[in-house]
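First comes the structure, then the notes that go with it.
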Amino acid sequence: MLILGIESSCDDTAAAVLKNGETLLSSVLTSQDAIHTRFGGVVPELASRSHLESIVFMVREALSRAEVSLKDIDLIAATQGPGLIGSLLVGFSYAKALSYASDVPIVGVDHMAGHILSVFLEDKKPPFPYISLVVSGGTSSIYLVESFSDFTLLGRTRDDAAGEAFDKVAKLLGFAYPGGPLISKEASKGNPKAISFPRSWLEKGSLDFSFSGLKTAVLNHCNREKQKNGKLQKPDICASFQEAVVEVLVEKSLLAAQQHDISTLVLGGGVSSNPRLREYMQQRCSEESKELFIPRPVHCTDNAAMIALAGFHAYKQGQDCSRDSDVYSRSVLV
Ligand code: KG4
């Protein structure tokens with residue numbers, strides 16, 4: 001079975017061809033970072049216009065690299081939500097049109113399911129059940145995953161997502177968008193213990209996150225330092241900020257595993273390409289005798305391969321989608 005995956009939920013236009021739900025034949029992506037960087041964040045209207053310009057080429061490129069044509073495709077899987085409505089509409093409408101024109105079934109995929117299952121694109125696959133930490137520009141969530149279609153939300157952010165916090169702190173330090181990779185690069189030159197930024201644990205036993213207080217703490221620190229010394233120790237600020245985010249993400253994931261008596265943890269989402277998060281999670285999982293599975297960075301950030309994979313499993317479970325279906329901005333996996 002050949003599945004064509006299409007992803008356009010935010011600022012990456014991506015397409016992929018997956019065989020039988022596990023062999024990736026192609027995965028291509030065009031990033032809009034160059035368009036949005038001068039605005040310090042994603043401009044929704046520019047994002048949807050750019051998807052419109054790229055979508056046809058991305059799908060053609062994915063088919064061509066997989067050495068197949070549209071008539072070989074058995075299923076089209078496209079991101080239906082959550083995300084920016086204008087961006088989603090471009091990819092999902094194009095997918096519906098392709099489905100109609102080629103008489104191939106279409107399945108709408110929740111973007112979060114893609115991140116939760118993206119680890120199955122790797123050779124080393126986790127057993128069910130597992131605890132999934134999904135951390136990206138729009139989400140910080142912990143799920144209990146019991147099968148390819150059975151996800152229970154255990155905790156989520158009450159304000160900023162982890163990636164959003166990285167991007168906002170990067171902006172206030174004068175780095176370009178997206179700031180996460182730039183912060184982690186700068187952090188590698190700094191001391192994570194230099195500044196004691198707050199860890200927001202919330203109520204005892206809570207698996208929710210909150211990163212807006214940490215962001216304000218960084219802002220206050222920067223204002224104080226500028227008044228005192230006229231300049232900022234950016235490597236130390238980045239390392240200390242990153243450590244505060246990573247520690248909370250890791251400890252809450254382990255708490256979820258403990259609360260539900262689960263011995264396997266899985267990471268997903270753009271922030272899980274952060275080297276310190278990967279290292280710290282690995283270290284703590286070893287200490288707690290948990291097994292950790294992390295996708296390669298290219299499968300952590302937005303991609304269409306994970307959408308094809310999640311779509312394949314949703315379709316196998318009998319999920320189909322009518323060509324009247326619409327996109328949605330908030331995840332249905334709650
Ligand atoms: O999953 P993703 O590609 O897509 C969206 O959420 O749209 O995640 C993008 C987010 C951005 O906020 C970016 O700054 C963050 O992931 N990110 C990182 C790193 N690489 C990407 N954050 C921290 N460290 C990184 N190395």
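For ligands, and for the atoms within them, numbers begin at 1 and follow the listed sequence. Numbers for residues simply follow the sequence, beginning at 1.
Atoms of ligand 1 found under 4.0 Å from any heavy atom of Gly163, numbered from 1 in the order shown, are 12 (O). Atoms of ligand 1 found under 4.0 Å from any heavy atom of Val271, numbered from 1 in the order shown, are 15 (C), 16 (O), 18 (C), 22 (N).
Scanning for side-chain contact (heavy atoms from CB on, under 4.5 Å) contacts around Lys168 gives Asp160, Glu164, Lys215, with sequence neighbours left out.
In summary, the aromatic rings of Phe120 and Phe128 are positioned with their centroids under 6.0 Å apart. Outside the 6.0 Å centre-distance limit, the rings of Phe312 and Phe148 are not counted as a close aromatic pair. Aromatic pair Phe92/Tyr94: ring centres not closer than 6.0 Å.
Protein heavy atom closest to atom 20 (N) of ligand 1, with residue, atom name and distance, is Ser273 OG, 3.3 Å. What sits closest to atom 6 (O) of ligand 1 on the protein, heavy atoms only, is Gly137 N, 2.7 Å. When only non-hydrogen protein atoms are considered, atom 13 (C) of ligand 1 lies nearest to Asp167 OD1, 3.8 Å.
Contact annotation for Cys10 and ligand 1: only side-chain heavy atoms (C-beta onward) come within less than 4.0 Å of the ligand. Within the 4.0 Å heavy-atom criterion, both parts of Ser136, backbone and side chain, lie near ligand 1. With a 4.0 Å heavy-atom cut-off, ligand 1 is reached by the backbone of Asp302 and by its side chain too.
Between Leu89 and Asp326, the closest side-chain pair of non-hydrogen atoms falls below 4.5 Å.
With hydrogens and angles left out, the side-chain atoms of Ser9 and Glu7 include a donor and acceptor closer than 3.5 Å.
Looking at Arg284 and Glu251, a side-chain N of the basic residue comes within less than 4.0 Å of a carboxylate O on the acidic one, giving a salt bridge. Ion pairing between Lys193 and Glu247 fails under the 4.0 Å rule for side-chain N and carboxylate O.
Both tests do not hold together for Lys125 against Phe293: distance to the six-membered ring centre under 6.0 Å, angle to the ring axis within 45°.
Residue Asp12 has no nitrogen or oxygen atom sitting less than 3.5 Å from a nitrogen or oxygen atom of ligand 1, judged on distance alone. Taking any N or O of Gly269, backbone or side chain, none lies under 3.5 Å from an N or O belonging to ligand 1. In terms of polar-atom proximity, defined here as any N/O pair under 3.5 Å, Gly180 does make such a contact with ligand 1. On a distance-only criterion, Pro275 and ligand 1 share no N/O pair closer than 3.5 Å. Taking only nitrogen or oxygen atoms, main chain and side chain alike, Thr301 does not reach within less than 3.5 Å of ligand 1. When only interatomic distances are considered, the shortest N/O to N/O separation between Asp11 and ligand 1 does not fall below 3.5 Å.
Ligand 1 lies within reach of His115, whose nearest heavy atom is under 4.0 Å from it.
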